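A, B, ... follow the sequence lines: proteins, then strands. Residue 1 opens every chain. Quick caveat: nothing in here was measured; it's all calculated off a predicted structure.
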Protein chains: 2
Amino acid sequence: MDDIDRALLAALQADATQAYAALGKAVGLSAGSAHERVRKLREREVIRHTTIDVDPAAVDRGVLSFVMLQSNAWMGDPPTRDALAAIPEIQEAHIIAGSASLLVKIRTSTPEQLQAVLRRVFDVDGVTGTQTIIVLETFFERPLNVTDPDPAR
Amino acid sequence: MDDIDRALLAALQADATQAYAALGKAVGLSAGSAHERVRKLREREVIRHTTIDVDPAAVDRGVLSFVMLQSNAWMGDPPTRDALAAIPEIQEAHIIAGSASLLVKIRTSTPEQLQAVLRRVFDVDGVTGTQTIIVLETFFERPLNVTDPDPAR
DNA sequence: AGCATCTCCGAATGTAGTATGGTTATTAGG
DNA sequence: CCTAATAACCATACTACATTCGGAGATGCT
């Protein structure tokens, strides 16, 4: 994992459809060598998937919200994860420190649909309350930064 | 945007490297027709990018947190967006309704680095306070659901 | 210094992306 | 209901790229 690998990751984050010849040119390698490095990055699972970024509004998921869940028990076990994963509108779920215990990211078509999802969330074992944060506008959502050095090391 | 388009989106979300022949087979079309549909989805920008999913821990961004920012003025303007976008550790930034006014998603190598980022956030014009949510464990982060019908319509 | 390992390149082979033309299905209008 | 126009689909051909290979150079370890 050197600077070339990081440059390859950044280039692929920006556009994963480009040819290895172009990729190699961008980092100063031949197409074959670029290919070999990318293959290894996939093998090591530094690159986990190749995927597409879909416009939420175009598929009727224009309403974004974050919901913090209070609970009366430890929620870090598989049954809770599976119950949340079964709700398709939930895009992310995290266990958090602090007064709440879970944070989920939800995308729905309308606020009414959000209400329907919250009803399902309340049915998850252990959930005793919710606090909803409605997003009015998204400034940006971008790939994880891979190039910036870490000043601490 | 019919069921076939949605199936194509779902298949590409799962694996954007697969050949059009396989893609067509998955949705019941020839390779050429699948290609044509995907081309149009890109043209319409339903598909915004093709990108890779990088393991945060592998690039030293293993610490995830969400931070809510209080402010003493309206923060929905470009200067605020640009100031936040200039901080590479910030992966998402949203304007939210409620007592805070912004929510940002931050990935750092360590809690100490998070502290350094928060210092930079405080220097953004208008920011009067922060509330930090540390993520202990991520249950899942997955692509936007594109297949489930919306029961409301 | 010597050996092993790794990374690179350039050329080959095979596979997949892309463009084309003709056919069928779908829709709109008379 | 019938016709015309449009759009979607398929099969084929062509081009470009991914992938593999052998060999050369660099790097690091003993």
Q: Could you tell me whether Arg142(A) and Glu89(B) make a salt bridge, using a distance below 4.0 angstrom between a side-chain N and a carboxylate O?
A: no
Q.
Could you tell me how far apart Asp3(B) (CG) and dA8(D) (C1') are, to the nearest whole angstrom?
A. 16 Å
Q) By ring pair (Phe, Tyr, Trp, His ring centres under 6.0 Å), which residues pair with His94(A), not counting sequence neighbours? A) Phe66(B)
**Q.** Pair Arg37(A) + Glu43(A): basic N to acidic O under 4.0 Å
**A.** no
Q | chain B contact limits on DNA chain C, taken 5' to 3' with a cut-off of 4.0 angstrom to heavy atoms | A | dA16(C) to dT18(C)
Q | Distance-only donor-acceptor check, side chains Ser71(B) and Ser101(B), under 3.5 Å | A | yes
Q.
Pro143(B): which residues meet the side chain to side chain contact (heavy atoms under 4.5 Å, CB included) condition with it, sequence neighbours left out?
A. Gln13(B)
Q) If only side-chain N and O atoms of Ser33(B) are considered, is one of them under 4.0 Å from the OP1 or OP2 phosphate oxygen of dC10(D)? A) yes
Q) Is the closest basic N to carboxylate O distance between Asp3(A) and Arg6(A) below 4.0 Å? A) yes
Q: Give each stem of DNA chain C as a range with a range, requiring at least 3 consecutive Watson-Crick or G-U wobble pairs whose two distances are under 3.5 Å.
A: C:1-11 with D:20-30, C:13-16 with D:15-18, C:18-30 with D:1-13
Q: Say whether Arg42(A) and Thr50(A), considering side chains only, have a donor N or O and an acceptor N or O under 3.5 Å apart.
A: yes
**Q.** Test: Glu92(A) and Lys105(B) ion pair at under 4.0 Å
**A.** yes
(Q) From CD1 of Ile4(B) over to P of dA7(D), roughly how many Å is that when rounded to an integer? (A) 17 Å
Q: Return the value, rounded to whole Å, for the distance between atom CG of Asp2(A) and atom C1' of dT27(D).
A: 14 Å
Q: Can you check each nucleotide of nucleotides 14-22 of chain D against protein heavy atoms at under 4.0 Å and return B for base, S for sugar-phosphate only, - for none, in 5' to 3' order?
A: ---SSS---
Q: List for me each residue that meets ring pair (Phe, Tyr, Trp, His ring centres under 6.0 Å) alongside Phe139(A), sequence neighbours excluded, and say none if there are none.
A: none
Q: Using side chain to side chain contact (heavy atoms under 4.5 Å, CB included) as the criterion, point out the one residue from Val124(B), Asp123(B), Asp125(B) that pairs with Val127(B).
A: Val124(B)
